[in-house]
Amino acid sequence: MTATAASAGLFARAQTVLPSGYTRHLAVTKPHPQYAAHGEGCWITDVDGNRRIDFINNFAALIHGHAHPAITQLIAEQSSRLLCSILPSEWEVKLAELLVERIPSVEQVRFMNTGTEAVMLAVKVARAHTGRSKIAKMEGGYHGQFDLIEASFQPPPDRWGDPARPTPVAHSVGTPQSLLDELILLPLNDLEHSRARLRAEASQLAAVIIDPYRLQLGLVEPTREYLTMLREETARLGIVLIFDEVFCLRTSYHGTQGAVGVTPDLTTMGKIIGGGLPIGAVGGKRELMTVFDVDRGDPKVKQSGTFTANPLSTAVGYLGMSLLTPAAFDDLAAKGERLREGLERVRKDLGIVGRVEGRASFSSLVMTDLPTRNYRELAIAMAGLGEKLVTYQKLLAAEGVLTMRGGFIGSTPMTDDDIDFTIAAVRRALVKLHA
Ligand SMILES: Cc1ncc(COP(=O)(O)O)c(C=O)c1O
């Protein structure tokens with residue numbers, strides 16, 4: 001039995017001072033969440049003393065898990081030297097140099113504090129560079145929390161509209177229609193309709209933004225063919241191509257763009273580049289990044305921010321990224337492969353319909369054999385699975401495995417034993433799920 005008394009007590013207090021008791025909707029767990037106490041390596045312990053292997057890693061940000069000794073030491077040292085100041089620090093230069101060296105599209109970098117801000121700034125860069133205002137994204141794509149870009153993240157079927165020209169649907173009540181009119185939605189992996197739409201809208205289209213690894217929660221990969229089509233069309237039509245690598249930079253030493261061999265004009269980054277602390281960044285070709293230049297008078301895009309490029313996040317980010325050597329990426333991928341093989345074994349043994357998907361440190365057991373090439377297919381395939389996935393997540397938690405709807409995001413401290421523990425826990429959870 002999982003102990004819950006201390007968490008239940010905290011939640012009772014939280015419900016008075018936080019709307020419904022929460023600050024993050026993705027943390028919602030019925031009847032209440034388990035509150036975190038501390039973490040070490042890939043394990044996290046809640047206030048009731050339950051210990052679980054952490055496969056969420058704060059939504060892929062904690063690639064080195066919890067309390068990595070070198071990271072905690074640097075946090076202590078740097079916080080006793082300098083937290084933040086108007087004077088830039090060397091750490092900002094070092095982290096920028098590292099990103100320029102590793103990520104193919106990145107010749108210059110601007111920092112901010114979250115992935116959402118990185119995407120907001122990338123949109124400004126594209127608009128200033130092109131003099132056009134509309135932005136295209138994939139229907140169902142997630143790029144952070146601001147009204148323009150969050151539209152049609154999870155639109156309901158009755159509002160989808162024409163599959164070739166999806167209708168933008170507000171994610172939050174109150175989003176102005178004038179903003180939705182600035183958004184063009186493309187059907188992922190549908191080359192013909194996406195190409196036609198880009199050509200038709202080109203004169204008003206500043207940018208196309210896409211996560212080159214996945215659409216939603218580890219599901220639905222863009223094909224290489226699709227990414228190549230986007231690259232060719234945007235180059236021809238003078239549209240800025242933005243790869244949002246906030247989530248997926250962790251798939252390889254050179255990011256997902258390095259792994260798939262398609263280079264965008266701009267890249268948005270966050271999560272792992274902060275080593276566990278808040279950060280965001282936009283990187284791109286020098287030609288685009290000139291919108292920030294102050295050498296010829298007023299910059300086209302003005303950006304500052306109280307905590308931007310603070311020495312703590314940039315120092316810890318630099319250390320976290322430096323620890324991610326090519327060998328560290330190989331090891332993450334090997335552990336991912338071990339997990340995927342184990343999940344597939346369990347799936348076959350138990351006769352569960354579906355398939356195991358994933359790449360590098362991302363893995364998931366998708367419990368459907370329907371195609372999921374784009375948002376609509378995914379929504380149809382998952383329509384009846386909502387409750388089942390919630391139960392699966394709870395059963396896994398009871399077995400000592402913390403996941404988000406059965407998706408696994410690895411971290412460098414995980415050992416083969418941790419992976420084998422997880423596979424055995426998944427087997428027990430699935431047996432119960434199907435009992
Ligand atoms: C692809 C992508 N873009 C942007 C964001 C937003 O980043 P943040 O939560 O740091 O604002 C996320 C966060 O999950 C993301 O996955």
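In listed order, ligands and their atoms are each counted from 1. Since this is a predicted model, take the numbers as computed values, not measurements.
Gln34 and Thr29 share no side-chain donor-acceptor pair at under 3.5 Å. A side-chain N or O of Thr372 and one of Arg355 form a donor-acceptor pair less than 3.5 Å apart.
Partners of His66 according to the side-chain contact (heavy atoms from CB on, under 4.5 Å) rule, which considers only residues two or more places apart in sequence or in another chain, are Ile44, Asp54, Leu62. Arg195 pairs by the side-chain contact (heavy atoms from CB on, under 4.5 Å) definition with Leu191, Arg199, Met229, Glu233, not counting sequence neighbours.
The stretch residues 332-342 participates, sequence neighbours left out, in these salt bridge (Lys or Arg N to Asp or Glu O under 4.0 Å) pairs: Asp331-Lys335, Glu337-Arg340, Arg338-Asp416, Arg338-Asp420.
Taking the six-membered ring for Trp and thresholds of 30 and 60 degrees, His171 and Phe153 have ring planes more than 60 degrees apart, a perpendicular arrangement.
If you look at ligand 1, the protein residues with a non-hydrogen atom under 4.0 Å away are Thr114, Gly115, Thr116, Tyr142, His143, Gly144, Asp211, Arg214, Asp244, Val246, Phe247, Lys271.
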